[in-house]
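Letters go in sequence order (proteins before strands), and every chain restarts at 1.
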Protein chains: 2
Amino acid sequence: MSSRPVLQPLERLCSLLRADVRQRGLAHGLQPVQVEALCYLASCNRYSDTPQAVTEYLGSTKGTVSQTLKVLEREGLVLKSPDREDRRVVRLRLTARGRALAGELSTPPLFVQALGDSQVDAELLDGELRALLVAAQRATGNRSFGVCHSCRFFRREGKRIFRCGLTEEPLSVADSERICREHDAATQAG
Amino acid sequence: MSSRPVLQPLERLCSLLRADVRQRGLAHGLQPVQVEALCYLASCNRYSDTPQAVTEYLGSTKGTVSQTLKVLEREGLVLKSPDREDRRVVRLRLTARGRALAGELSTPPLFVQALGDSQVDAELLDGELRALLVAAQRATGNRSFGVCHSCRFFRREGKRIFRCGLTEEPLSVADSERICREHDAATQAG
DNA sequence: ACAGATGGTATCGAGTCGATACAAATGGAG
DNA sequence: CTCCATTTGTATCGACTCGATACCATCTGT
């Protein structure tokens, strides 16, 4: 039996992924954290586009994230606008350039290729990793930041008509495919 | 189909792992990079205990790594000694404290628990991740840093007698279970 | 109306990291 | 043997991250 099963290859993959993101982000003058924040903003839903949500997602502090976002704003990648209902809150959205860059940076070409080259079943591996992720998030007490339609608050009211059971607001199909900070995995057996 | 299969959960697990290592390392006054270097040195073989090897392992630069190692030395966790054959080379080895700390930090308790809680088959997942890792290393042109006995240079000469086909030196059983910078995965079908 | 909680920003100091320059040792080519 | 390119490691600098602290504005509950 190899030492530290799962953990060791996971950490090595982490290192490689980070090195790759670092390199590709640097080509656009972005630090790794900034890339992560940008990619998050490109895939989060309307409940999750605030500095506070980014802070929880990155597992960082609000002060640090504030600086990160300031850079992204200065670079013309994100726009800040005050929330209408709560004027303490800032809403973040990507500019056209920001969206384009996020799309480019969110899929590391070399890893996509590696995934194809290796003989592993991507769908199977994806499922296992997500199961492990849910367990890890539960163990560490972190929010899950899952996709809306996999949340226990998600309600199906019609063929293409959904609703969030937490905010009671209607959701479009597009909404349901995005990351939500309020996401809570369905109660699982075990 | 969820967006970015495999990659998305992998990145989330990365973030959580890093946040966890950060927190536990900080309790001992160590930065994440320092923890990674320490854990590497705790599990590498005698061909791989130099600053250069650490540099390649971390995917960093020798200047940066030199600083990292200086800190670890100052903290009394690693010892430096000149190589006898090549006096440019520095050999790194852990002190008793360093070894103890590496052991403590290399197994994140919360993730081990999460791995148990989740219903995934650890051995199966481990195999898939290692396959993906090999493919990723090949794609990015990085060294594999695999365990000695899985290397194509590894030769079995007796029941418990091994030899490295690259250096032609004999290897103990303990040697064969450690990480080697010269590691090269066996030629694989496909 | 007021107190506490919440969301965000500003600033500071310790530390990372890439780049550059540099020193020491090795290994060939002549 | 001498010269020179290469390799290994260190020192230093500037841009940047990150945690901590302090601070302000706004919301919420009593």
Side-chain angles (χ1 to χ4, degrees), chain A residues 15 18-38 41 47-75 78-92 143 181-182, chain B residues 15 18-38 41 47-75 78-93 181-182:
Chain A
S15 296
R18 282 192 67 82
D20 183 71
V21 166
R22 165 163 246 118
Q23 203 162 13
R24 292 184 308 123
L26 220 63
H28 295 273
L30 290 187
Q31 301 291 324
V33 210
Q34 295 161 4
V35 173
E36 286 185 74
L38 188 71
L41 288 175
Y47 302 131
S48 318
D49 60 349
T50 72
Q52 178 61 25
V54 177
T55 299
E56 292 164 4
Y57 182 82
L58 296 179
S60 184
T61 61
K62 57 182 183 175
T64 301
V65 169
S66 182
Q67 298 175 69
T68 300
L69 295 174
K70 200 166 58 176
V71 174
L72 293 181
E73 189 186 21
R74 168 160 42 85
E75 297 298 317
V78 316
L79 292 173
K80 293 180 180 177
S81 53
D83 185 278
R84 294 185 181 180
E85 298 184 355
D86 187 337
R87 282 187 298 175
R88 293 170 304 181
V89 175
V90 169
R91 292 287 166 187
L92 304 163
R143 286 178 187 272
R181 65 182 292 204
E182 306 290 356
Chain B
S15 296
R18 281 191 68 82
D20 184 71
V21 167
R22 166 165 246 114
Q23 204 162 11
R24 293 184 308 123
L26 220 63
H28 296 272
L30 290 187
Q31 301 289 326
V33 211
Q34 295 161 5
V35 174
E36 286 184 75
L38 188 71
L41 288 175
Y47 302 132
S48 317
D49 60 350
T50 72
Q52 178 62 23
V54 177
T55 298
E56 290 165 2
Y57 182 83
L58 295 179
S60 184
T61 61
K62 55 182 182 174
T64 301
V65 169
S66 181
Q67 298 175 68
T68 300
L69 294 174
K70 201 166 58 176
V71 173
L72 292 181
E73 189 186 22
R74 168 160 41 84
E75 298 297 318
V78 316
L79 292 173
K80 293 181 180 176
S81 52
D83 185 278
R84 294 185 183 181
E85 299 184 356
D86 187 336
R87 282 188 298 177
R88 293 170 303 182
V89 175
V90 169
R91 293 286 166 188
L92 304 163
R93 55 179 206 279
R181 65 183 292 207
E182 305 291 355

Can you measure B:Gln31 atom CD to D:dG19 atom C1' for me and round it to whole angstrom units?
10 Å
In whole angstrom, give the distance that lies between atom OH of A:Tyr47 and atom C1' of C:dG7.
19 Å
Does anything in residues 79-89 of chain B reach DNA chain C, meaning a heavy atom under 4.0 Å, and if so which residues?
B:Glu85, B:Asp86, B:Arg87, B:Arg88
Is the shortest side-chain N/O distance from A:Gln34 to OP1 or OP2 of D:dT17 below 4.0 Å?
yes
Please pick, from D:dT10, C:dG7, D:dA11, the nucleotide with the shortest atom-to-atom distance to any side-chain atom of B:Ser66.
D:dT10
Length of the CZ-C1' vector between A:Arg22 and C:dG18, whole Å
9 Å
Base, sugar-phosphate, or nothing: which does A:Thr50 touch, judged by heavy atoms less than 4.0 Å apart?
sugar-phosphate
Once you round it to whole Å, what is the distance between C1' of C:dT26 and CD of B:Gln52?
15 Å
Need one value for B:Gln23: base, sugar-phosphate or nothing, where a base atom within 4.0 Å counts as base even if backbone is also close, heavy atoms only.
nothing
Does CZ belonging to B:Arg93 count more than 12 external heavy atoms closer than 6.0 Å?
no
Phosphate contact (C:dA19 OP1 or OP2) by B:Thr61 side-chain N/O below 4.0 Å:
no
Toward the 5' end of DNA chain D, which comes first, B:Leu69 or A:Arg74, by nearest nucleotide?
B:Leu69
CG of A:Leu26 versus P of D:dT17: gap in Å, rounded?
11 Å
Checking A:Arg24, A:Gln23, A:Arg22 against A:Asp20 for side-chain hydrogen bond (donor to acceptor under 3.5 Å, both in side chains), the one that qualifies is A:Arg24
Checking D:dG9, D:dC18, C:dA10 against the side chain of B:Lys62 (C-beta onward), the nearest is D:dG9
Please evaluate the base of C:dG18 for a donor-acceptor partner in the side chain of B:Thr64 within a cut-off of under 3.5 Å?
yes
From CG of A:Leu72 across to C1' of D:dT17 the rounded distance in Å is 14 Å
Determine whether A:Arg18 and B:Arg18 satisfy the following criterion, side-chain contact (heavy atoms from CB on, under 4.5 Å), listing intermediate values before the conclusion.
CA-CA 11 Å; A:Arg18 282 192 67 82; B:Arg18 281 191 68 82; 3.3 Å; yes
Shortest side-chain distance from A:Gln67, nucleotide among D:dG9, C:dG8, C:dC12:
C:dC12
Taking only side-chain nitrogens and oxygens of B:Ser60, does any of them come within less than 4.0 Å of OP1 or OP2 of C:dG18?
yes
At 4.0 Å (heavy atoms only), tell me whether B:Arg91 reaches a base, stays on the sugar-phosphate, or touches nothing.
nothing
Donor-acceptor contact present, side-chain B:Ser66 to main-chain B:Lys62, <3.5 Å
no
